[in-house]
Amino acid sequence: MELKINQQIKKFNAESLSVQSLLDLEIPNKQNGIAVAINNTVVPRINWNQHLVHETDEILIISATQGG
């Protein structure tokens with residue numbers, strides 16, 4: 001499966017991936033303080049296990065930063 005994540009094409013050896021599975025592969029140790037949008041729609045964290053991603057989806061992973 002090829003996915004477009006943060007404007008980069010990445011390949012995965014899976015037929016189906018949930019948002020949570022994708023994050024476990026991409027950023028296993030940095031999942032606090034992030035948001036995920038698929039096709040310009042934010043996917044709530046509570047739905048990450050059930051929401052499946054598809055090859056045509058544009059996925060954006062955003063990390064919160066602190067500063068002032």
Side-chain angles (χ1 to χ4, degrees):
M1 172 186 295
E2 282 188 1
L3 296 172
K4 188 174 186 180
I5 303 170
N6 293 355
Q7 303 298 318
Q8 294 183 328
I9 301 293
K10 298 196 176 190
K11 293 184 181 185
F12 297 91
N13 291 327
E15 301 254 341
S16 174
L17 284 174
S18 68
V19 171
Q20 184 63 60
S21 298
L22 174 65
L23 293 173
D24 290 343
L25 292 171
E26 279 293 290
I27 51 172
N29 299 319
K30 298 180 182 181
Q31 294 182 15
N32 290 328
I34 65 167
V36 177
I38 298 179
N39 300 324
N40 296 317
T41 302
V42 173
V43 178
R45 183 180 287 264
I46 196 167
N47 296 339
W48 286 0
N49 282 317
Q50 293 83 24
H51 193 103
L52 297 178
V53 295
H54 303 22
E55 284 196 77
T56 57
D57 290 340
E58 290 199 24
I59 302 161
L60 182 62
I61 302 171
I62 305 164
S63 295
T65 58
Q66 294 181 343

>> To the closest 0.5 Å, what do you measure between OG (S18) and CG (D24)?
In response: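 S18 OG to D24 CG: 7.5 Å, rounded to 0.5 Å.
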> How far does CD1 of I9 sit from CG of N6, to the nearest 0.5 angstrom?
Replying inline: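 Rounded to the nearest 0.5 Å, the CD1-CG separation comes out at 11.5 Å.
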Side-chain cluster (under 4.5 Å, hydrophobic types only) that [X] belongs to, other residues:
X	value
I27	M1, L3, I5, F12, L17, V19, L22, L23, L25, I34, V36, I38, V43, W48, V53, I59, I61
V42	none
L60	I62

> side-chain hydrogen bond (donor to acceptor under 3.5 Å, both in side chains): which pairs involve residues 49-58, sequence neighbours left out?
Replying inline: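 Qualifying pairs: N39-D57.
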>> Quick test of your reading: applying salt bridge (Lys or Arg N to Asp or Glu O under 4.0 Å), list the pairs with at least one residue in residues 30-43, sequence neighbours left out, ordered by first then second residue.
In response: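 As it turns out, there is no salt bridge (Lys or Arg N to Asp or Glu O under 4.0 Å) pair with a partner in residues 30-43 once direct neighbours are skipped.
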> Looking at residues at least two apart in the chain, or sitting in another chain, which of them share a side-chain contact (heavy atoms from CB on, under 4.5 Å) with P44?
Replying inline: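 Applying side-chain contact (heavy atoms from CB on, under 4.5 Å) to P44 gives I46, N47.
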